[in-house]
Amino acid sequence: MTTDLKQFEAWFITGSQHLYGEETLRSVAEHSAQISKALNESSEIPVKIVFKPTVKTAEEIYKICQEANVTKNCIGIIAWMHTFSPAKMWIGGLKILQKPLVHLHTQFNRDIPWSTMDMDFMNLNQSAHGDREFGFIMSRMRINRKVIAGHWEDPQVREGLNTWLRAAAGWYDLQGAKFARFGDNMRNVAVTEGDKVEAEIKFGYSVNTYGIGDLVQVINQSLDSDIDNLVKEYADQYLLAESLVKGGSQHQSLREAAKIEIGLRNFLQAGQFKGFTDTFEDLHGMLQLPGIAVQRLMRDGYGFAGEGDWKTAALVRTMKVMGSGLAGGNAFMEDYTYHFEPGNSFVLGSHMLEVDESIASGPIRCEIHPLGIGGKADPVRLVFDAAAGPALNASVVDMGNRFRLLVNVVDPVEAKYELPKLPVARVLWKPQPDMKTGCAAWIYAGGAHHTCYSQNLTAEHLNDFANIAGLEYVSIDEHTNLNQFRNELKWNEVYYQSHTH
Ligand code: MN
C-alpha cells in the first residue's frame, strides 16, 4: 500500500494586474491554462494541478490564499508572474498563506521570436522582471519557498516540480497525523529522545502514549480464523523455515506472530494512526517481540522506529508518502557495524528485527531465532538482502533549539557476501564522499544511529521538505569537505540563535 498522490492537488496561480488591459489579460489566462493543463497531464507530475484564474488585485490574492488554506487536499501553490504583478498587492495574502509555495520562474514562449517581436509581445512576456518583483517580496518577508527557473517544458523543470510536490505531499500527510507510542524511550538513550510538544508545533504530528496492556488486549482478541488466514498468507509469500511450517516444531510461534500482527494492525486502524514505536523494555503480556508484524506494517505504509524513537517513526512515514509510486522503498534503518578493509570500506545497516520488507531484493525468508535481548520467546522475522542502487540515509535530530534534518547520500554495495549466521535483513552501503569523511561528518552533526534509508528519494526531496517544515538542513554528499562542514554547523548555530522557529 502506498499513498495515492493523485488525491492531492496543487493550485497553479498566475499573478498580473489590470494595467495591461483586457486583451493582454486574456492571453495571460490562456497561457496559464495551457501550462497548467500540460503539467496536470504530465506523467512526471505526481499530483493534480488545478488551474486558477489570474489574480490581479490585493483582494483577489488575499481571497485565493485564504481558500488554499482551508481547502482539503490542497497541498500547496505554484506561483508564476506572467506579467508584472506589483508585489505590495501580495503582502496581505502571503502573510496569511499557510500552504507551501513553489515559485515557478518560467515564461510561456521558450525562444525569443526575433523577426516578429514587438512591444506588445514584450509587455505580455515579461516574467523575467515580474518574477523578480515577486521574488523580492518573498525574500523581504523571509518566506521559505522553492524557486524553479526554466522553461515549463524542460524536463529538469518538471523534475524540480515533481520533487517539490512530493515533499509538499509528505508535509500535508503529517498535518494532524497521529503516532502511537507503546512504552517510553529505551532507558538512558539520548538521541531518540526529544521534545514532543515542539515536534507537534513544528511538524504538525502528535505522539501519544498507549499502555502495552491496551495493545495486548486487542492482540488477545484476534480470531483463530484470522490467524489461520494470515499464517497461510505467510506461507504463500515467504520461504518458511522448516520448523515454522504446519506440523513443524515451532509452528505455534508463527501463529503467535500472526496474532500479534492482527492485533497491532487492528489497534492502529481503530486509532487512525500513521505510525508507531515500541520498546523491548516494555512488552508485558506479549510472548514475542513484534518482528514480522512490524516489517509488514512498514511495508504497508506505517511509519515505525524501535526503542521509542518516534522522531524516526514519523520521518519514515513522511518519506514513504514522498516516495509513493516510485520504484524502491523507504525503511527504518540502523548503522550497525563497519567493514574497514582498506579501499573497500562500507557500513552494514540492519536492525535487530524490524527491517522494512519494501526494500527487499530476491527471495524473502521467514525465520525464527533467539534475539539475545528482551527476555522474550524467539521472535519470527523476515530475512532478506536489500536491492542495490543509489540511496540515502536521513535522520531528524533534536538540537534543543531546533530540529536538524541530516542527510547522507550513500552508494550501496552489492550483497555478494554470505552471512549464514546473521538471521536479520541487512543492507550494505558506502557513505559519500568516502567512508571516513562521511562517518566523521555524520558524527559531528549529531546524527542518530537510527535513520530512514531511502532507495527512491534524493537529497533534493529532503531539502525541499526541510524548507517547507522550516528545519535546519545539513547534507553530506560527494562535495562534503570536513572543515567546511564543521564551519557550516557553527554558522548554523548563529543563525538559529536568532531564528528559533
Ligand atoms: Mn535501534
Side-chain angles (χ1 to χ4, degrees), residues 179-194 196 199 207 209 212 260 264 275-283 286 288-299 302-320 329-338 347-359 369-376 378-384 386 391-398 404-408 410 419 422-429 431 439 442-443 445-454:
F179 290 85
R181 176 167 153 270
F182 301 111
D184 200 348
N185 196 52
M186 179 180 164
R187 275 190 285 277
N188 292 316
V189 175
V191 77
T192 50
E193 286 279 13
K196 296 195 288 296
V207 182
T209 198
I212 197 72
I260 293 172
L264 202 41
F276 64 107
T277 176
D278 61 15
T279 170
F280 64 89
E281 286 170 336
D282 188 355
L283 293 173
M286 289 174 77
Q288 307 174 10
L289 259 83
I292 186 172
V294 173
Q295 293 178 289
R296 286 166 49 87
L297 285 162
M298 287 190 282
R299 176 201 70 184
Y302 286 100
F304 171 85
E307 293 115 44
D309 186 355
W310 50 269
K311 292 198 301 295
T312 305
L315 181 67
V316 168
R317 165 67 189 193
T318 313
M319 289 173 68
K320 281 178 179 293
N330 289 279
F332 169 47
M333 189 55 67
E334 180 167 302
D335 296 69
Y336 229 102
T337 198
Y338 289 147
V347 181
L348 184 150
S350 187
H351 204 262
M352 54 188 191
L353 284 178
E354 308 97 338
V355 185
D356 192 321
E357 195 191 317
S358 68
I359 61 166
H369 303 277
L371 194 61
I373 60 171
K376 296 278 169 186
D378 300 353
V380 176
R381 82 286 302 272
L382 300 174
V383 182
F384 52 81
L392 58 78
N393 278 310
S395 170
V396 169
V397 188
D398 187 337
R404 167 177 287 165
L405 179 58
L406 176 63
V407 171
N408 186 194
V410 303
L419 289 162
L422 185 75
V424 291
R426 64 276 185 168
V427 47
L428 311 174
W429 67 78
C439 291
W442 187 272
I443 286 171
H449 58 293
H450 283 177
T451 60
C452 180
Y453 180 84
S454 178

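Everything numeric in this text was worked out from a predicted model, so none of it was measured. Both backbone and side-chain heavy atoms feed into the values below; hydrogens, waters and symmetry mates do not. When a ligand or atom number is given, it counts from 1 through the structure's own listing order.
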Tell me whether S350 contacts the main-chain N or O of A425 through its side chain, where contact means a donor paired with an acceptor under 3.5 Å. yes

Working to the nearest 0.5 angstrom, can you tell me the gap between R296 CZ and L264 CG? 12.0 Å

Tell me, please, which residues at least two apart from E281 pass salt bridge (Lys or Arg N to Asp or Glu O under 4.0 Å). R187

How are the rings of F276 and F304 set to each other: parallel, tilted or perpendicular (split at 30° and 60°)? tilted

Could you point out which residue of Q295, K320, R299 forms a side-chain hydrogen bond (donor to acceptor under 3.5 Å, both in side chains) with D356? K320

How are the rings of H351 and F332 set relative to one another: parallel (under 30°), tilted (30 to 60°) or perpendicular (over 60°)? tilted

Please indicate how many protein N/O/S atoms are found closer than 2.8 Å to the Mn ion (ligand 1), with waters neither displayed nor included. 4

